[in-house]
Amino acid sequence: MAALRRARRGAGSGLCRTLRALSGKKNEYDLLVIGGGSGGLACAKEAAQFGRKVAVLDYVDPSPQGTTWGLGGTCVNVGCIPKKLMHQAALLGSALKDAHHYGWNIAQPVHHTWSVMAQAVQNYVKSLNWGHRVQLQDKKVKYFNMKGSFSDPHTVRGLTKAGKETIVTADNIVIATGGRPKYPTHIAGALQYGITSDDLFWLKESPGKTLIVGASYVSLECAGFLTGIGLDTAVMMRSIPLRGFDQQMASLVTEHMESYGTKFLKRCFPTKVEKLESNRLQVTWKNTDLGTEETDSFDTVMWAVGRAPDTKTLNLETVGVKTNSETGKIIVDASEATSVPHIYAIGDITEGRPELTPTAIAAGKLLAQRLFGQSSELMDYDSVPTTVFTPLEYGCVGLSEEAAVQCHGSDNIEVFHAYYKPLEFTVAERDATQCYMKMVCLREREQRILGLHFIGPNAGEVIQGFALGINFSLRDVSD
Amino acid sequence: MEMNGLAPVPDSYDYDLIVIGGGSGGLAAAKEAAKYEKKVMVLDFVKPTPQGNSWGLGGTCVNVGCIPKKLMHQAALLGQALQDSRKFGWQFTEEVKHNWMTMTESVQNYIGSLNWGYRVALRDNKVTYENAYGEFVGPHTIKATNKRGVEKLYTAERFLIATGERPRYLGIPGDKEYCISSDDLFSLPYCPGKTLVVGASYVALECAGFLAGLGLDVTVMVRSILLRGFDQDMANKIGEYMKEHGVNFIREFVPTKVEQLEEGTPGRLKVTAKSTTGDQIIEEEYNTVLLAIGRDPCTRNIGLDKVGVNINEKTGKIPVSDEEQTNVPYIYAVGDILQDKLELTPVAIQAGRLLVRRLYAGATTKCDYVNVPTTVFTPLEYGACGYSEETAVEKFGEENIEVYHSHFWPLEWTVPSRDNNKCYAKIICNIQDNERVIGFHVLGPNAGEVTQGFAAAIKCGMTKEQLDNTIGIHPVCAEVFTTLSVTKRSGENTLVSGC
């Protein structure tokens, strides 16, 4: 099955290298990776395994609030890792409440101290930064803490924080610069007074009463754990939650969050943010349902309205790397190649790809194997499993019910579903109203599974194994 | 109609199906048969334990097995969570103690609701239920004796034996008088205190594990190996983890007598034990002795000889065909009493349902006992599906199997800085068959949740390549299986250092 997906590739880069060699110019590196995140590091380390000369450029432009971090990219520093750890802190809060039903006597209510958690999380992240640097060193990958931009198709100019310049040339270049949170700059005070996920995990002090604007998983996950550690938290959504995800599941997720204590300002959008004398932030917003204008004050306002690729400073026009005019993301083909030979792109910066660490890592490794290891295997982006780490987690793989209906017609779909109660919730007297799972199948013959959706504790652990089966299921269907 | 010419058999029966045993298998079969409008009766009866303990409808799983076990395991896990939570910023008093009675009461209340739920479900499905001890007295005829000794006779066209098992005793002085078993533990009306667990089964290790997690002084006395029948590499890792977390192990000893030093709740018991490898005798005092050395099927006293059903004389288990039929055509059996089948609730339920569908709905599907996933809920949970390393080597030969493995550190354990390189993932592949994954093993938190989906994949015939082509979910424990690269054969290091 997998063989049908492979194509013969790899001749292109070799040809270019030969041309350059013929022209007398020799590039310093076999591979230069711009961006030391999940995709970039995986690609660089894999290439080094083949004995290639590899360099990585990584640089973090400080956020508008001044936050910056070390090597490892979004996932390690301001994404998956700190997110999951703070989610765990919130889950432990629930565990503390459950514990007394199970016989543990702890005086309630229990209090949470932000700085203890933040410091522990930040220390762990720093150990990962260190670990990545050591790994690069061990694999003899040259690391530059510099911001890269293209001078010509084989040349990148690296600039340090202090302004020192280094020129790096390479036969092959991989762009893996990822994305950064968007600011709604059209809203007065947004840039000045708001923070984003880039800042949240590095706050030294508690964010206090927080408003999170956005309906993405970033918004819901952050609002979820802030609520869980005892903070007064509100989410402002202009329309639907978790756009692109199965909407029935998305509703269950937000329903649970509401019963958990997160406030939702639905069908609202902010119009301005002002600073009060008390240093609190006053947010004004429009309620589109009621047609009214409302206002409230918060200690923190966090924007989670999407992420955008950081391509402006790369100088892509100079070398002709094409980007999607709407999203700004780099357009790549099935082999991660851009419009310019021997320039590739992987990870969050690429158009039409899932913005996930494991896909970036896999794509990076396979790319290195194709460039330097005689492999021709392409990355398969179909049916990638994922999990949203809201207080009640949501794991899924394959098609949403809507997508399945759109693709096959509602008469040709059968949805098997069930509500359930985790055993651990029984004695703890916890509400399991939103614990639910569904399997979207084709109605005919063997009823192939098109999509699997699960809401409940440890959703990621539950879904992972099933992702394998879904892979084959879907592949057979599309043939 | 006559059978064996011994006694006349009625022309019409009281019931289409009588199920003896209201546990996982029995109830599932009964409810399924009622769906096809069959007249069904369930007989369920619990003979009190030597300590006088009894329970309601639902069988072992609900009352003295899976359910209370997992809840008490959860109580122990919460104890660990409390410790972790401090590192995540939660603040509460230094000393946290556990109250056995609060936990046991909650657990028993929940079980009570399940017993009630089953009774209601049977009623709603129009299944007749009697709390009576059933035994065969003649062809197609059963005698049901209730608690007060009142006897009734019933006839049925078909019978399903699903009487399950009960814990075995050692047969040493003081065992029945002073020791308890898993049949007593989950409703014990007092904290067991310093406990000796005798046995090395998953029952022994799971119980010892949660008792230690609740703060009790626990010792496990093992005659030879841990978790016989399970992958020994994994079994030893489980033992190591338990040792590191405060469980004492006495290896290669068996108790020879149990004496009571003082009555009480709990009392004080003196256990004398003898070495299996020499002459050494040891004595030690405990509050409670929990026997977990195995379980015996309830097949000896249900009149099977009266209807000619063969049982394995040594083990008491009933051999059946692959359609769960005994040697007597109208008598079937499911669940723990079956010879050479797995003693698991989901297996019993599946077998019971499929059997009934074959009998009454024209179905042909048989229960598939191959590649059944399972999980041992020890402090470090162990999920498995398929071959152990030993059985794979035995069946295919060492040179024909490839074992991929890795340690992993759950992200949630990094901040509390605990147990790095204790969690472990291993798959066993058949080299001659496209590196098909024939064995799956995971040691870590939520092992059951991790294992379940992979069991489905193994049923689909997953190969190592397909596993490698699956994208991981990040950051969770299960994703380790999508990036396994080090083989045991290579001898390379599998210890982890970071993200």
Side-chain angles (χ1 to χ4, degrees), chain A residues 2 72 75-76 80-81 84-85 88-89 92-93 95-96 98-107 110-118 120-121 124 127-128 131-132 135 229 356-359 362 380 384-387 395 423-424 426-427 458 460-469 471-472, chain B residues 67 70-71 74-75 78-79 81-82 84-93 96-104 106-107 109-110 113 214 411-412 414-415 446 449-457 459-460 462 465-467 469-479 481-482 497-499:
Chain A
C75 174
V76 164
C80 328
I81 301 299
K84 187 101 192 290
L85 287 171
Q88 173 68 356
L92 287 171
L96 286 169
D98 289 351
H100 93 264
H101 291 276
Y102 282 89
W104 295 100
N105 44 11
I106 317 161
V110 181
H111 290 287
H112 184 263
T113 305
W114 173 273
S115 54
V116 172
M117 172 185 75
V121 171
Y124 178 64
S127 76
L128 293 180
H132 280 301
Q135 267 185 13
I229 58 174
L356 296 167
T357 278
T359 52
D380 184 355
V384 174
T386 183
T387 298
L423 183 62
E424 293 76 4
T426 57
V427 160
N458 306 302
E461 309 291 12
V462 171
I463 289 289
Q464 181 70 86
F466 289 106
L468 244 131
N471 241 331
F472 314 132
Chain B
I67 301 299
K70 186 97 191 291
L71 289 170
Q74 173 69 355
L78 285 172
L82 294 188
D84 287 355
S85 71
R86 290 184 217 268
K87 296 280 168 64
F88 279 91
W90 293 99
Q91 290 162 324
F92 45 94
T93 52
V96 182
K97 279 213 152 69
H98 183 260
N99 184 315
W100 174 269
M101 289 314 303
T102 305
M103 173 185 73
T104 310
S106 301
V107 170
N109 282 341
Y110 177 62
S113 75
L214 299 178
L411 183 62
E412 293 75 10
T414 57
V415 159
N446 306 302
E449 308 293 13
V450 173
T451 303
Q452 183 70 85
F454 285 102
K459 268 253 180 289
C460 292
M462 126 175 109
E465 191 187 343
Q466 288 165 343
L467 189 51
N469 285 336
T470 304
I471 301 290
I473 296 173
H474 186 67
V476 300
C477 295
E479 63 177 312
F481 285 97
T482 62
S497 50
C499 181

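Just so it is clear: chains get the letters A, B, ... in the order the sequence lines come, proteins before strands, and each one is counted from 1.
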Q) What option among A:His112, A:Glu424, A:Gln88, A:His101 has the most heavy-atom pairs under 4.5 Å with chain B? A) A:His112

Q: Give the C-alpha distance, both sets of side-chain angles, the deciding distance and a yes or no for side-chain contact (heavy atoms from CB on, under 4.5 Å) between A:Tyr102 and B:Val107.
A: CA-CA 8 Å; A:Tyr102 282 89; B:Val107 170; 5.7 Å; no

Q) Which one of B:Val96, B:Thr102, B:Leu82 has the most heavy-atom pairs closer than 4.5 Å to chain A? A) B:Leu82

Q) Side chains of A:Leu356 and B:His474: closer than 4.5 Å at any heavy-atom pair? A) no

(Q) Quick check for you: among B:Met103, B:Gln91, B:Met101, which has the greatest number of heavy-atom pairs under 4.5 Å with chain A? (A) B:Gln91

Q. Where does B:Ala81 contact chain A at under 4.5 Å (heavy atoms): side chain, backbone, both or neither?
A. both

Q) Hey, does B:Asn469 have a side-chain heavy atom less than 4.5 Å from the side chain of A:Asp380? A) no

**Q.** Spacing of A:Thr426 atom OG1 and B:Tyr110 atom OH [to the nearest 0.5 Å]
**A.** 4.5 Å

Q: Begin with the C-alpha distance, continue with both residues' side-chain angles, and end with the deciding distance and a verdict on side-chain contact (heavy atoms from CB on, under 4.5 Å) for B:Phe481 and B:Thr470.
A: CA-CA 9 Å; B:Phe481 285 97; B:Thr470 304; over 6 Å; no

Q: Could you check which of A:Ala99, A:Gly131, A:Ala118, A:Cys80 has the highest count of heavy-atom pairs closer than 4.5 Å to chain B?
A: A:Cys80

(Q) Is A:Ala362 in contact with chain B via its backbone, its side chain, both, or neither, using a 4.5 Å heavy-atom distance? (A) side chain

Q: Please flag which part of A:Leu85 lies under 4.5 Å from any non-hydrogen atom of chain B: side chain, backbone, both or neither.
A: both

Q | Top contributor to chain B interface from A:Asn105, A:Asp98, A:Ile229, A:Thr357 [non-hydrogen pairs under 4.5 Å] | A | A:Asn105

Q | Contact summary for A:Trp104 and B:Gly79, nearest pair of heavy atoms | A | CZ2-CA, 3.4 Å

Q.
For B:Thr482, which atoms come within 4.5 Å of any heavy atom of chain A: side chain, backbone, both, or neither?
A. side chain

Q) Among B:Ser113, B:Ala456, B:Ala455, B:Cys477, which has the most heavy-atom pairs under 4.5 Å with chain A? A) B:Cys477

Q: Name the member of A:Ala120, A:Pro385, A:Ala95 that forms the most heavy-atom pairs with chain B at distances under 4.5 Å.
A: A:Pro385

**Q.** B:Lys87 versus chain A, the contacting section by heavy-atom distance below 4.5 Å
**A.** backbone

**Q.** Heavy-atom side-chain proximity of A:Lys84 to B:Glu412 below 4.5 angstrom
**A.** yes

Q | Under 4.5 Å from any heavy atom of chain A - which part of B:Asp84 | A | both

Q. Does A:Ile463 reach the side chain of B:Glu449, with side-chain heavy atoms less than 4.5 Å apart?
A. no

(Q) Just verifying a value: how many Å separate A:Thr386 OG1 and A:Gln464 CD, rounded to the nearest 0.5 Å? (A) 10.5 Å

Q: Drop me the distance from A:Leu128's CG to A:Gln135's CD, to the nearest 0.5 angstrom.
A: 10.0 Å

Q: Among B:Ile473, B:Leu78, B:Val476, single out the residue with the greatest number of heavy-atom pairs under 4.5 Å to chain A.
A: B:Ile473

Q) Can you tell which of B:Phe92, B:Phe454, B:Trp100 has the highest number of heavy-atom pairs within less than 4.5 Å of chain A? A) B:Phe454

Q. For the candidates B:Asn99, B:Leu411, B:Val450, which exhibits the highest count of non-hydrogen atom pairs separated by less than 4.5 Å from chain A?
A. B:Leu411

